[in-house]
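Only one structure is covered here, and it is reproduced in the block below.
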Amino acid sequence: MKRVIQKNTLSFQCSKSMRYLRTPPSIWQDLTQEFDLTVDCCASDANHLLPKYYTKENSALEKDWTGETAYIHPLFDGKINKFVEKAYNTKNFTGVFLIPAGTNTKYFHDYIYKNPNVEIRFLRNPKRGWHFGNDDGTTSDPNSIGYIKPLMIVIFRNP
């Protein structure tokens with residue numbers, strides 16, 4: 001059976017049901033093996049991945065990130081640019097982002113691209129797309145088509 005996707009149905013702004021998604025387990029496992037993450041900056045009370053976390057109501061954008069090794073996954077948040085700008089301006093900080101590979105965005109060019117304190121890792125899409133877990137801890141159907149847009153890990157290592 002051929003799947004037809006109508007034009008203009010896929011975008012970075014997704015439905016409310018996709019606002020609180022868990023990081024794909026394979027990505028999370030790799031990041032936790034490499035980084036000693038101290039705070040999950042874009043979580044909900046149900047899906048936080050670390051004991052210290054911030055929610056939409058308890059916004060990470062209003063917190064001091066100095067000295068933290070933060071995990072920042074605002075994938076479907078219209079404020080990605082605000083998180084990236086805050087990371088750029090925070091000293092004595094390591095920030096590990098999982099975000100869309102939006103290399104055409106203003107924030108990419110202003111704060112990420114050619115920044116000597118940033119490492120960019122473009123992720124290869126799995127055959128059927130990325131499968132994010134649901135806010136309640138359940139997993140999505142691995143046989144369904146997942147999120148197919150490109151993703152990247154962006155690491156700020158600010159002295």
Side-chain angles (χ1 to χ4, degrees), residues 10-14 16 18-135 137 140 146-159:
L10 296 176
S11 71
F12 289 138
Q13 281 295 27
C14 295
K16 289 181 182 179
M18 293 186 75
R19 296 232 184 248
Y20 300 106
L21 297 176
R22 291 180 187 245
T23 299
S26 60
I27 294 174
W28 180 247
Q29 182 180 358
D30 289 347
L31 293 177
T32 58
Q33 287 178 358
E34 182 175 355
F35 298 96
D36 186 18
L37 299 165
T38 60
V39 61
D40 185 349
C41 287
C42 302
S44 73
D45 289 324
N47 78 1
H48 59 92
L49 295 167
L50 296 166
K52 182 177 180 181
Y53 65 97
Y54 300 124
T55 65
K56 185 175 182 179
E57 297 76 24
N58 184 24
S59 177
L61 293 172
E62 298 172 9
K63 306 298 184 210
D64 181 11
W65 294 356
T66 304
E68 299 283 7
T69 302
Y71 177 60
I72 308 159
H73 175 201
L75 185 58
F76 299 114
D77 192 322
K79 296 180 183 172
I80 294 172
N81 61 323
K82 300 285 186 197
F83 284 94
V84 172
E85 182 180 7
K86 183 171 178 76
Y88 176 84
N89 289 315
T90 302
K91 304 299 179 211
N92 186 27
F93 164 77
T94 300
V96 181
F97 282 81
L98 172 61
I99 55 178
T103 59
N104 62 327
T105 62
K106 183 176 181 345
Y107 67 79
F108 182 82
H109 287 274
D110 289 352
Y111 306 116
I112 297 172
Y113 188 57
K114 295 187 180 179
N115 179 338
N117 296 324
V118 168
E119 177 186 349
I120 304 164
R121 300 176 186 174
F122 294 102
L123 301 179
R124 183 176 181 169
N125 278 4
K127 185 175 181 179
R128 299 188 63 81
W130 297 104
H131 287 273
F132 294 86
N134 300 310
D135 193 46
S140 60
Y147 184 76
I148 60 173
K149 292 203 175 196
L151 297 175
M152 63 184 172
I153 301 292
V154 176
I155 303 154
F156 282 81
R157 290 185 175 97
N158 297 348

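Nothing fancy with the numbering, it's 1 onward along the sequence.
With Asn158 contributing its side chain and Thr90 its backbone, the two residues share a donor-acceptor pair below 3.5 Å. At distances below 3.5 Å, at least one donor-acceptor pair connects side-chain atoms of Thr32 with backbone N or O atoms of Gln29. Side-chain atoms of Trp65 come within 3.5 Å of backbone atoms of Ala60 as a donor-acceptor pair (strictly under, hydrogens ignored).
At most 12 heavy atoms of other shown residues, nucleotides or ligands fall within 6.0 angstrom of atom OH in Tyr88.
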Review point. Should Thr105 and Ile112 be marked as a side chain to side chain contact (heavy atoms under 4.5 Å, CB included) after you check the CA-CA gap, both sets of side-chain angles, and the distance that decides it?
Key: CA-CA 10 Å; Thr105 62; Ile112 297 172; over 6 Å; no
Review point. Does the side chain to side chain contact (heavy atoms under 4.5 Å, CB included) test come out yes or no for Ile99 and Phe83, once each step is laid out?
Key: CA-CA 11 Å; Ile99 55 178; Phe83 284 94; over 6 Å; no
Point to revise | Audit row: Thr94, Thr38, side chain to side chain contact (heavy atoms under 4.5 Å, CB included) steps and yes/no | key: CA-CA 10 Å; Thr94 300; Thr38 60; over 6 Å; no
Practice item. Please step through side chain to side chain contact (heavy atoms under 4.5 Å, CB included) for the pair Thr103 and Phe122, ending with a clear verdict. Key: CA-CA 11 Å; Thr103 59; Phe122 294 102; 3.9 Å; yes
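Atom NZ of Lys52 and atom SG of Cys41 lie 8.5 Å apart (nearest 0.5 Å). Taken from NE2 in His73 to CD1 in Ile27, the straight-line distance is 7.5 Å, to the nearest 0.5 Å. Note that OG of Ser44 and CG of Asn58 are 12.5 Å apart. Values are rounded to the nearest 0.5 Å.
Under the 4.5 Å side-chain criterion, counting only non-hydrogen atoms from C-beta, Lys106 is not in contact with Asn81. Taking 4.5 Å as the limit, every side-chain heavy atom of Asn117 sits out of range of all side-chain heavy atoms of Phe156. Contact check for Pro150 versus Leu123: no side-chain heavy atoms found under the 4.5 Å cut-off.
Checked options Phe35, Tyr53, Trp28; the residue passing with Tyr71 is Trp28 (criterion: side chain to side chain contact (heavy atoms under 4.5 Å, CB included)).
The two residues Lys86 and Leu61 have their closest heavy-atom pair at NZ-O, 3.5 Å. Across all their heavy atoms, Pro100 and Met152 have their closest contact at O-CE, 3.4 Å. Of all heavy-atom pairs between Leu49 and Asp40, the closest is N-OD2, 3.0 Å. Taking all atoms of both residues into account, the shortest heavy-atom contact from Ile72 to Gly95 is CD1-CA, 4.3 Å.
With respect to Glu34 and Arg121, a salt bridge is recorded, a charged nitrogen being found less than 4.0 Å from a carboxylate O. Ion pair Lys63/Glu68 not flagged as a salt bridge, since none of the NZ, NE, NH1 or NH2 atoms sits closer than 4.0 Å to an Asp/Glu carboxylate oxygen.
Taking the six-membered ring for Trp and thresholds of 30 and 60 degrees, Tyr113 and His109 have ring planes more than 60 degrees apart, a perpendicular arrangement.
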